[in-house]
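What you see is a predicted model, and the numbers here were worked out from it, not measured in a lab.
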Amino acid sequence: MNLVTTILIITAILSIILAIVSFWLPQMSPDYEKLSPYECGFDPLGSARLPFSLRFFLVAILFLLFDLEIALLLPLPWGDQLPSPLLTLLWAFAVLVLLTLGLIYEWLQGGLEWAE
């Protein structure tokens, strides 16, 4: 048997064993708090269908945008080992300038202010 077949068989057997054990291992005696739709342990005081503020979504989207920026700039230390590191740094600089201009635009439009 070759190595790939052995690894696939071991992986399949281990997965089946873990799936079977997971059905017998947990305790099946849920209490009132576990059966509640809210995990905090107390009954809700108001409606759960209140709309979120649009500013909350704006800040969440900005957070995701700048989090994505970090992911895009993460390979930069390896980019200087390429045959043309200047091109890599130029693209990284273009991404940073574009995001900075977008942040300045949002700031000037008042999109980052919580209170009106």
Point-to-point distance, once rounded to the nearest 0.5 Å, from CD1 of Ile13 to CG of Leu8 | 11.0 Å
Go through the structure and list residues passing side-chain contact (heavy atoms from CB on, under 4.5 Å) with Leu73, not counting sequence neighbours.
-> Glu69, Leu76, Ala92, Leu96
Considering residues, nucleotides and ligands other than Leu86, do more than 12 of their heavy atoms fall under 6.0 Å from its CG?
-> no
Rounded to the nearest 0.5 Å, what separation is found between the CD1 atom of Ile104 and the OG1 atom of Thr100?
-> 6.5 Å
Kindly compute the distance separating CG (Leu82) from CG (Leu89), expressed to the nearest 0.5 Å.
-> 9.5 Å
Option from Thr5, Thr11, Ile10 for which side chain to side chain contact (heavy atoms under 4.5 Å, CB included) with Ile7 holds | Thr11
Approximate separation, where rounding is to 0.5 Å, of Leu103 CG and Leu98 CG | 11.5 Å
Partners of Asp67 by side chain to side chain donor-acceptor pair (under 3.5 Å), sequence neighbours excluded?
-> none
Leu65 CG to Ile70 CD1 distance, which is reported to the nearest 0.5 Å | 10.5 Å
Value rounded to 0.5 Å, distance of CD1 in Ile20 from CG in Leu25 = 13.5 Å
